[in-house]
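Structure first, then comments.
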Amino acid sequence: HTTLDSFPENFLWGSASAAYQIEGGWDQDAKGPSVWDSFTKIPGKTFKGTNGDVAVDHYNHFKLDVALMGEMGLKAYRFSIAWSRIYPEGRGEINEQGIAFYNNLINELIKHNITPIITVYHWDLPEALQKEYGGWESRNIIEDFNNYCMTLYERFGDRVKDWITLNEQNIFISHGYLEGSHPPGVQDKKRMYQANHIANLANAKAIKSFKSYVSDGKIGPSFAYGPAYPYSSHPESVLAAENAEEFVNHWWMDIYCFGKYPEAAWRYLEERGLAPEIKEGDMELLAEGKPDFMGINYYQTGAYEKNADGVLKGAKENHDGKKGNFTESGVKGLYKRKRNTYVDTTNWDWEIDPMGLRIALRRITSRYGLPVLITENGLGAFDELEKGDSINDDYRIAYIESHLRQCREAITDGVELLGYCTWSFTDLLSWLNGYQKRYGFIYINRDEDSEKDLRRIKKKSFYWYKSVIENNGENL
Ligand code: BG6
């Protein structure tokens, strides 16, 4: 475009986090254990054996953290609630101390004119439910999850109007039940599709309940959307990308928005005995639980090629920040993901593709016709704490700036964009990659070996984002 539309006046300039990655206080005030509390303790699962027992101790520093958000002028803050703080056993009696923590956090945000955005589930399933009935593999979870959500709506819905149901269902399900790199560490395709179907039902039910509790609110999922590109213009490559888009994206987004599984993928799975079991009433529920917007976490796109020779395995992730370990992944006969040589990569081999974000926003707009909230986007990088407590993270500024420019292009294209949350406000625990992979505007003085003093230090990007917000993005 030669001239660009402005960001809307009430645009949510935000930042995001997740309970397990920042809070710490893992057993404080009667919190129950989550599956991540135990998974991270299994030797060899995470980089240098790191866990979130203390994390960046936001639980005991939340006032300071929110004051920093206020100083920055942040308009919105997306955080997740730890289910096992509210229900230590996943259900049963409410732990009022857990409610109190989030009430205090919400009130503190509002005091600083920051719109709270709640994620009800960011992967930290109460361990009791995993042990009792296998978590997402049992239909019992639909009721328990709904009950937990209704408690949140009831207690916080008076002040919180923007809600996210499941964070990256596609990731926690595929990593938990196919790759086995997340809890519960299962590697079984059939079980994966089944658990995913149950998560779909839980998501739809929680959305349906929402309307009667927070009638003036908005709710949607946060989907990890990586648009699929054809590796070349060879028709086989284009077909591979179509297949990938259907299997890695529409498989989830179509369910959310249309209440239906995409046809070609369904048939492929059915032929192989992998399709989930649909019970009476399932499809009706899925059709009723439609979101008000599509939340997306955008990090990268994927380039796909035909997969006649059959790469079957998932990609091995690089957890040590040493570039160059990209492995092809895919589904035999359908597609395999190749390294896209047109774009640069991060130290953890994630492709950096700002235009891919515009493409993502356009695709959602034309397929689903829903407004979009970018619930995560950001750069994980090594930061260097220099003399005088300064961190010159120009690479992070460049990353966010280039993505925001594409957002503005997309708005000019006609995309209804509600807001943009960076990942993340403070540095935090990167699930499997320890504390070295930093995402924040605020540096936290700790590493894998020591909690040090957990000092909060503003990075250069803090001041930069502050000025973007002040100018409502006009200076981009
Ligand atoms: C998203 C998650 O997948 O990406 C976040 O919602 C996560 O919780 C973020 O931290 C970055 O991933 P990673 O592996 O770099 O921490």
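- Glu401 CD: more than 12 foreign heavy atoms inside a 6.0 Å radius.
- When the shell of 6.0 Å around NZ of Lys131 is examined, it contains 12 or fewer heavy atoms from other residues, nucleotides or ligands.
- Counting heavy atoms from C-beta outward, Trp123 and Ile171 have side chains that approach closer than 4.5 Å.
- For Asp144 (side chain) and Tyr148 (main-chain N/O), no donor-acceptor pair under 3.5 Å exists by modelled atom type.
- If you look at Tyr77 and Trp13, their ring centroids are not closer than 6.0 Å.
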>> Run the side-chain hydrogen bond (donor to acceptor under 3.5 Å, both in side chains) test on Asn51 and Tyr20 for me, step by step, so that the C-alpha distance in whole Å, both residues' side-chain angles and the decisive distance to 0.1 Å come before the verdict.
In response: CA-CA 9 Å; Asn51 62 56; Tyr20 187 69; 5.0 Å; no
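- A salt bridge is absent between Lys323 and Asp349; no separation between the charged side-chain nitrogens and carboxylate oxygens falls under 4.0 Å.
- Within a 6.0 Å sphere centred on NZ of Lys63, heavy atoms belonging to other residues, nucleotides or ligands number 12 at most.
- Legend: ring-ring contact (aromatic ring centres under 6.0 Å, His included) pairs involving residues 442-473, not counting sequence neighbours, sorted by first then second residue: Phe441-Tyr465.
- With Asp27 contributing its side chain and Gly32 its backbone, the two residues share no donor-acceptor pair below 3.5 Å.
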>> Quick one, Thr151 with Ile86, criterion side-chain contact (heavy atoms from CB on, under 4.5 Å). Give me CA distance, side-chain angles, the key distance, then yes/no.
In response: CA-CA 9 Å; Thr151 300; Ile86 308 298; 4.2 Å; yes
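- Looking at heavy atoms from C-beta onward, Asp162 lies out of side-chain contact with Ile118 at the 4.5 angstrom threshold.
- Screening Trp136, Tyr177, Trp36 for a ring-ring contact (aromatic ring centres under 6.0 Å, His included) with His182, the sole residue that qualifies is Trp36.
- In terms of modelled atom types and a separation under 3.5 Å, the side chain of Asp427 and the main chain of Gly440 share a donor-acceptor contact.
- The aromatic rings of His403 and Tyr298 sit tilted, their planes meeting at an angle between 30° and 60°.
- With hydrogens and angles ignored, the 3.5 Å screen pairs no side-chain donor or acceptor of Lys459 with any backbone N or O of Asn392.
- Ring geometry, His250 versus Tyr368: the interplanar angle exceeds 60°, so the pair is classed perpendicular (tilted spans 30 to 60°).
- Between the CD atom in Gln300 and the CG atom in Asn340 there is a gap of 10.5 Å [rounded to 0.5 Å].
- Side-chain contact between Asn200 and Leu286: present, with at least one pair of heavy atoms (C-beta onward) separated by less than 4.5 Å.
- Remark: side-chain polar atoms of Asp393 are paired, donor with acceptor, to backbone N or O of Ser461 under 3.5 angstrom.
- The only member of Trp431, Tyr439, Phe382 that meets ring-ring contact (aromatic ring centres under 6.0 Å, His included) when paired with Trp348 is Phe382.
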>> Asn445 vs Leu454, test: side-chain contact (heavy atoms from CB on, under 4.5 Å). Steps then yes/no.
In response: CA-CA 5 Å; Asn445 193 36; Leu454 294 166; over 6 Å; no
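- Figure legend: Arg78 and Phe425 shown without cation-pi pairing, the cationic atom not lying both under 6.0 angstrom from the six-membered ring centre and within 45 degrees of its axis.
- In this structure, a donor-acceptor pair under 3.5 Å is absent between the side chains of Glu127 and Ser34.
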> For Asp57 and Asn60, what are the C-alpha separation, side-chain angles and deciding distance, and is it a side-chain hydrogen bond (donor to acceptor under 3.5 Å, both in side chains)?
Replying inline: CA-CA 6 Å; Asp57 203 27; Asn60 300 299; 2.8 Å; yes
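- Heavy atoms of other residues, nucleotides or ligands lying less than 6.0 angstrom from NZ of Lys161 number more than 12.
- Nearest approach of Asn103 to Arg155, heavy atoms of both residues: OD1-O, 4.2 Å.
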> Which is it for Ile352 and Val343 under the side-chain contact (heavy atoms from CB on, under 4.5 Å) test, yes or no, and what are the steps along the way?
Replying inline: CA-CA 6 Å; Ile352 303 175; Val343 297; 5.7 Å; no
> What do the steps show when you test Asn167 against Thr119 for side-chain hydrogen bond (donor to acceptor under 3.5 Å, both in side chains), and what is the final call?
Replying inline: CA-CA 7 Å; Asn167 178 73; Thr119 308; 5.8 Å; no
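- Using modelled atom types, no side-chain atom of Asp29 and backbone atom of Gln97 make a donor-acceptor pair closer than 3.5 Å.
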>> Test side-chain hydrogen bond (donor to acceptor under 3.5 Å, both in side chains) on Asn297 and Glu168; report intermediate values, then the result.
In response: CA-CA 8 Å; Asn297 294 351; Glu168 297 191 350; 2.9 Å; yes
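- The minimum heavy-atom distance between Asn472 and Glu9, with the atom names listed, is ND2-CA, 4.2 Å.
- Of the possible polar contacts, one joining the Thr375 side chain to the Ile296 backbone as a donor-acceptor pair under 3.5 Å is found.
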>> Quick one, Leu166 with Trp252, criterion side-chain contact (heavy atoms from CB on, under 4.5 Å). Give me CA distance, side-chain angles, the key distance, then yes/no.
In response: CA-CA 12 Å; Leu166 301 177; Trp252 283 274; over 6 Å; no
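- The aromatic rings of Trp251 and Phe247 sit parallel, their planes meeting at an angle under 30°, below the 60° perpendicular limit.
- Aromatic pair Tyr420/Phe11: centroids not less than 6.0 angstrom apart.
- Other residues, nucleotides and ligands place more than 12 heavy atoms under 6.0 Å from the NZ atom of Lys190.
- By the 6.0 Å and 45° rule, Lys437 does not stack over the aromatic ring of Trp423.
- Here Arg438 does not pair with Glu384 in a salt bridge; the nearest charged N to carboxylate O distance is not below 4.0 Å.
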